[in-house]
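Here is the structure we will look at, set down as structure tokens.
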Amino acid sequence: MSMTDSKGNSATDHKALLAEKMATDFRRRDLFKLAAAGTGLLAASAFGVGKAHAQAKRGGTLTLAWLDAIDTLDPHFTMSGGSIKVINNVFNGLLKVAYDGQKVSFAPDLAESWDMVSETEHVFKLRKDVTFHNGDACDAEAVKWSLLRVADPEVKSPHAWKFAQLDGIDIVDPLTIRLRFKKPFAFLPVALTGSTGRAGTIVCPRAVQESGKGFGRKPVGTGPFKFVSWRENDSIELARNAAYFENGLPYLDRVVIRLIKEPSAGVAAVMAGQVDGLSVCPFQFIPQLRKNPNLSIYGQVEGNYSFLGMNNRRAPFDDKLLRQAVAFAINRDVIVEQSYFGEAIPAFTAISPPMTDFYDPNIAKSGRGQFFDLEKAKALRAQSKVQGEINPVYIVTDGFTGSGGMGTRNAQLIAPMLEQIGIKPKIELVDRAVWAQRRNAGDFDLYDEAWIADLDPDETITPEWSTGKPWNFVGYSNPAFDQAAAAAGETMDTARRRQLYIEAEDILMADAPLAVLAHMKVFKILAKKVQGFEYIPADLLDLHRVSLA
């Protein structure tokens, strides 16, 4: 996007680019001023907060059954969707995820204003008088320390890639910081959120220094709830932060998170009214839960994709033709109906519906991506290097993880599909910890899982499939893909980004280091007495406006 400067030269209109990035109908400065004022008008008008909030009842304890795994409550190290949902209530970022019922966008949180001085320079003005739960000031020094913690290679945060192009952070004044990047960074709004972004979640420097590696069990943030306790295999307890910067919030006094590994036990508890909700729910229980008049079911297709990964580093799947045969042998409609109980849609590529600027709603008719074509799969298999029956090791882990991938259900459906093209997998069921260790070490031929809570194509394909990236467990490498994905992350022009991601996806789907399966719905179950919950399709459970009737 360009404009003409005072000398008649063409210049980039950075404020217009920023407004486009914010994806909102409001004028940017008006948006930030309304949020900073704490009037609630922004939330009521833009993000679907109903009248119930104005009459919310204060106090009470919300008890939730947590079915998905929690690894750590240190936002800079977690890789778990279950952890993100807790972290979202204990910490803040400079920005937060918002949803107006149609489009995911990014709203101010700890930032009061954001000026995009150039494509590589961003200035954030922070809210006044915000404190961490231990009373320390959340100022420019603390924010700088937190961001640099992620970027520091010695810290070894799995989210450091999000700040790979960070050139420096300047403290302009006690409440203003300047972020300088080596190249434009289109993913920045997601990275700076206090939930799914994780890299931009602001932690308390003194608390980290005092707790060291134990910070994930003693988290200190600025969020609406303070951490109280974590009882192993039992519960996590949060308490109201009376000093929270949004006036009058939160309404609840306490949140008790019951850590339940067995999904049926969690479902039984919410059906009986023993808990007030489920953080996530297996697909097979949704019809039963929908019949309960005391429950509200929230869910739709979110930013995710499940897939079958193939080890590109060794035979037999170092053969592109064989990988392509696998991709075309899988009937996604069967996966959707039998594995996800109809609560998903077939995936043709990795980019999913919530990424409205980049997802093609007509992709099923476009001819792009991967799809079921058994005759084509057989023809490709006949051309592959290894003939005769192949018996690849397919590692799976049982139990519900909330991700929509993994588990025996997908494997049991995929195995007979592959047998039709002479591939008879040896399914190995292992403990989740062993599964993760073997996946990370490349000790497999096949494995399936899902990437979840994605809000931008950059996090959907770049760290997972670019050469040498730590989440590229299958060892895929194609310089053309790397170049297109990197270029897309470095342009702020949405139309140009869209074209680059189509190019990157087409290369990825044709090379087939993975066979995409589905984009899943993600469900959260809450009792009808829980008022004011705002559904956001980013696998979040935001409790700061929730009250009990």
> Does the salt bridge (charged side-chain N to carboxylate O under 4.0 Å, His left out) test come out yes or no for Arg368 and Asp506, once each step is laid out?
Replying inline: CA-CA 7 Å; Arg368 289 186 58 234; Asp506 286 350; 2.9 Å; yes

> Are any of the side-chain nitrogens in Lys162 or Glu459 under 4.0 Å away from the carboxylate oxygens of its partner?
Replying inline: no

> Is Gln370 reaching over with its side chain to a backbone N or O of Val516, donor-acceptor style, under 3.5 angstrom?
Replying inline: yes

> Got a second to check how far Asn312's CG is from Asn472's CG, nearest 0.5 Å?
Replying inline: 8.0 Å

> Does Phe473 offer a backbone N or O that forms a donor-acceptor pair with the side chain of Tyr447 under 3.5 Å?
Replying inline: no

>> If you count heavy atoms of other groups shown closer than 6.0 angstrom to CD of Gln483, is the number above 12?
In response: no

>> Just by distance, no angles: are the side chains of Asn304 and Ser352 close enough, under 3.5 Å, to form a donor-acceptor pair?
In response: no

> Okay, side chain of Asn89, backbone of Leu541: is any donor-acceptor separation there less than 3.5 Å?
Replying inline: yes

> Is it the case that more than 12 heavy atoms not belonging to Arg496 sit under 6.0 Å from its CZ atom?
Replying inline: no

> Looking only at atom types and distance, does a side-chain atom of Ser83 sit under 3.5 Å from a main-chain N or O of Asp71, one as donor and one as acceptor?
Replying inline: yes

> Between the main-chain N or O of Thr201 and the side-chain N or O of His76, is there a donor-acceptor pair closer than 3.5 Å?
Replying inline: yes

>> Please enumerate all residues that pass side-chain hydrogen bond (donor to acceptor under 3.5 Å, both in side chains) together with His519, with sequence neighbours excluded.
In response: none

> What heavy-atom pair brings Ala140 and Ile171 nearest, and what distance separates the two atoms?
Replying inline: CB-CG2, 3.9 Å

>> The criterion is ring-ring contact (aromatic ring centres under 6.0 Å, His included); which residues satisfy it with Phe225, sequence neighbours excluded?
In response: none

> Quick check: does any side chain N or O of Arg332 sit under 3.5 Å from a backbone N or O of Ile330, one acting as donor and the other as acceptor?
Replying inline: yes

>> Tell me whether the rings of Tyr535 and Tyr298 are parallel (<30°), tilted (30 to 60°) or perpendicular (>60°).
In response: parallel

>> A side-chain contact here means heavy atoms from C-beta on lying under 4.5 Å apart; do Ser279 and Leu64 qualify?
In response: no

> Between Leu166 and Leu148, is any pair of side-chain heavy atoms under 4.5 Å apart?
Replying inline: yes

> Do NZ/NE/NH1/NH2 and the carboxylate oxygens of Asp115 and Lys125 come within less than 4.0 Å?
Replying inline: no

> For the residue pair Asn311 and Gly442, what are the closest heavy atoms and their distance?
Replying inline: ND2-O, 2.9 Å

>> Whether the side chain of Ser339 engages the backbone of Arg409 through a donor-acceptor N/O pair (distance < 3.5 Å, no angle test) should be reported.
In response: no

> For Ser306 and Tyr340, does a side-chain donor sit closer than 3.5 Å to a side-chain acceptor?
Replying inline: yes

> Side chains of Asp482 and Thr467: do they bring a donor and an acceptor to under 3.5 Å?
Replying inline: yes

>> Going by side-chain hydrogen bond (donor to acceptor under 3.5 Å, both in side chains), name the residues that satisfy it together with Thr222, two or more places apart in sequence or in a different chain.
In response: Asn92

> With distance as the sole test, does Arg198 use its side chain to make a donor-acceptor pair with the main-chain N or O of Pro75 at under 3.5 Å?
Replying inline: no

>> Suppose we call two aromatic rings close when their centres sit under 6.0 Å apart. Are Phe307 and Trp465 close by that rule?
In response: yes

> Phe163 and Ala151: which non-hydrogen atoms are nearest, and at how many Å?
Replying inline: CB-CB, 4.0 Å

> Salt bridge or not for Lys85 and Asp68, using N-O below 4.0 Å?
Replying inline: yes

> Any idea how Phe181 and Phe185 line up, ring-wise: parallel (<30°), tilted (30 to 60°), or perpendicular (>60°)?
Replying inline: tilted

> Can you find a pair of side-chain heavy atoms, one from Val474 and one from Leu514, that are under 4.5 Å apart?
Replying inline: no

> Would you call Pro250 and Val546 a side-chain contact if the rule is heavy atoms closer than 4.5 Å?
Replying inline: no

> Going by heavy atoms in the side chains, are Ile84 and Asp539 under 4.5 Å from each other?
Replying inline: no

>> I'd like to know if Glu343 and Arg290 make a salt bridge, using a cut-off of under 4.0 Å between side-chain N and carboxylate O.
In response: yes

> Does the side chain of Lys144 come within less than 4.5 Å of Arg178's, by heavy atoms?
Replying inline: no

>> Less than 6.0 angstrom separating the ring centers of Phe328 and Phe371, yes or no?
In response: yes

> Are any side-chain N or O atoms of Thr193 and backbone N or O atoms of Gly93, one a donor and one an acceptor, separated by less than 3.5 Å?
Replying inline: no

